[in-house]
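Contents: one structure, followed by commentary.
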Amino acid sequence: MSDRPARGAVPSPNIWRHTTTYELENHAADPDGRLWAAMENRVSWHGRTVLDLGCGTGFHLSRFAATAAAVIGVEPHPGLVRLALRRTRGLAGVDVRLGTAQEVPLPAASVDVVHARWAYFFGPGCEPGLAELDRVVRRGGTALIIDNDGSRSTFGAWFRRGYPHLPAPAEIERFWSERGWTRTPVDMGWRFESRADLEAVVRIEFKRDVAEEILRHHDGLEVDYAVNLWSRDY
């Protein structure tokens, strides 16, 4: 496998450059299982084929594999693909492939459930990825896309401050709703084991000046963090 990212990949500066620290973020996210509960309330993947788009190091693949018939992780970064393959070695029914959301390396009508968590999908601009979902999801299937809710929560305020160039929350919500997606707001949260872990994660998610300002004004190990679970049936 080449070390060159898949064609058309949109760089993800947090996990691509700081893989170990991003692992801390994955462990800290959704400590009470609220996001997973919202996903499971929306669709069952038991005995079905799941596509995890932008699977990174494969952190979530084993959770799906516990009940799914087959799980396919697609990731544009070759180094992360190798880590995901290593992580899922020995797990029956799990496959990891190099690819992008806008060019999914799967045949048409081949998956039942799609999970995309902070992977290419931030509203306007992700139309090529959505077109691919139309192609690869079977009739009766469901796609789940998790995106930051910049309209509320402590993290939402940080996100607006750190990424002012992104569309406003109302514009992002309008984008999804006009295309037939359903919004489920979830108060997910971050909970870290140490202050050092929280600080390390904040510093890979925001530019230095924004990160330092955030850390000066935020105490403790927890962050209230709101996300939107967008879903659509096919």
Can you name the residues that form a side chain to side chain contact (heavy atoms under 4.5 Å, CB included) with [X], not counting sequence neighbours?
X	value
T154	W158, H218, V223, D224
T19	T57, L80, L83
R139	none
E193	D197

Practice item. Please list, chain by chain and in numerical order, all residues satisfying side chain to side chain donor-acceptor pair (under 3.5 Å) with E205, sequence neighbours excluded. Key: N14

If you take all heavy atoms of [X] and [Y], which pair is closest and at what distance?
X	Y	answer
L221	S194	CD2-C, 3.3 Å
E75	G56	OE1-N, 2.8 Å
S231	L144	CB-CD2, 3.8 Å
F192	L24	CE2-O, 4.1 Å
C126	F175	SG-CE2, 3.9 Å
S177	W230	N-CZ3, 4.2 Å

Check your understanding: Ignoring hydrogens and geometry, is there a side-chain-to-backbone donor-acceptor pair from D95 to I72 under 3.5 Å?
Key ->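 No, the answer is negative, given that no donor and acceptor are paired below the 3.5 Å cut-off.
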
Check your understanding: Side chains of M39 and L35: does their closest heavy-atom pair fall under 4.5 Å?
Key -> yes

Practice item. Side-chain contact test, heavy atoms from C-beta onward, threshold under 4.5 Å: evaluate it for L130 versus W176 and give yes or no. Key: yes

Exercise for review: Determine whether the side chains of N148 and W118 contain a donor N or O and an acceptor N or O closer than 3.5 Å.
Suggested key: yes

Point to revise | Candidate pair E132 and T100, rule side chain to side chain contact (heavy atoms under 4.5 Å, CB included), full reasoning | key: CA-CA 10 Å; E132 274 291 81; T100 62; over 6 Å; no

Cationic N near anionic O, under 4.0 Å, [X] to [Y]:
X	Y	answer
E199	R203	yes
R216	E213	no
D209	R161	no

Exercise for review: Using the salt bridge (Lys or Arg N to Asp or Glu O under 4.0 Å) rule, collect all pairs that involve residues 48-65, keeping only residues at least two apart or in two chains.
Suggested key: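 Only E40-R63 qualify under salt bridge (Lys or Arg N to Asp or Glu O under 4.0 Å).
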
Review point. Could you give all pairs that pass the salt bridge (Lys or Arg N to Asp or Glu O under 4.0 Å) test and reach residues 83-93, with sequence neighbours left out?
Key: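 Of all non-adjacent pairs touching residues 83-93, those that pass salt bridge (Lys or Arg N to Asp or Glu O under 4.0 Å) are E23-R87.
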
Working to the nearest 0.5 angstrom, can you tell me the gap between [X] [atom1] and [Y] [atom2]?
X	Y	atom1	atom2	result
R135	S110	CZ	OG	7.0 Å
H46	T67	NE2	OG1	6.5 Å
L98	R7	CG	CZ	11.5 Å

Practice item. Determine whether F59 and L53 fall in the same hydrophobic cluster, where Ile, Leu, Val, Met, Phe, Trp and Tyr are linked whenever their side-chain heavy atoms lie under 4.5 Å apart. Key: no

How would you list, by chain and number, every residue that makes a salt bridge (Lys or Arg N to Asp or Glu O under 4.0 Å) with [X], sequence neighbours excluded?
X	value
E171	none
R17	none
D134	R232

Check your understanding: How would you list all residue pairs meeting ring pair (Phe, Tyr, Trp, His ring centres under 6.0 Å) that involve residues 129-155, not counting sequence neighbours?
Key -> F155-W190, F155-F206, F155-Y225

Exercise for review: Might you confirm whether atom CZ of R42 has over 12 heavy atoms from other residues, nucleotides or ligands at distances under 6.0 Å?
Suggested key: yes

N/O donor to acceptor pairs below 3.5 angstrom from side-chain atoms of residues 181-189, sequence neighbours left out:
{"residue": "R183", "atom": "NE", "partner": "N228", "partner atom": "OD1", "Å": "2.7"}
{"residue": "R183", "atom": "NH2", "partner": "D149", "partner atom": "OD2", "Å": "3.3"}
{"residue": "R183", "atom": "NH2", "partner": "N228", "partner atom": "OD1", "Å": "3.4"}
{"residue": "D187", "atom": "OD1", "partner": "R152", "partner atom": "NH1", "Å": "2.6"}
{"residue": "D187", "atom": "OD1", "partner": "R152", "partner atom": "NH2", "Å": "3.4"}

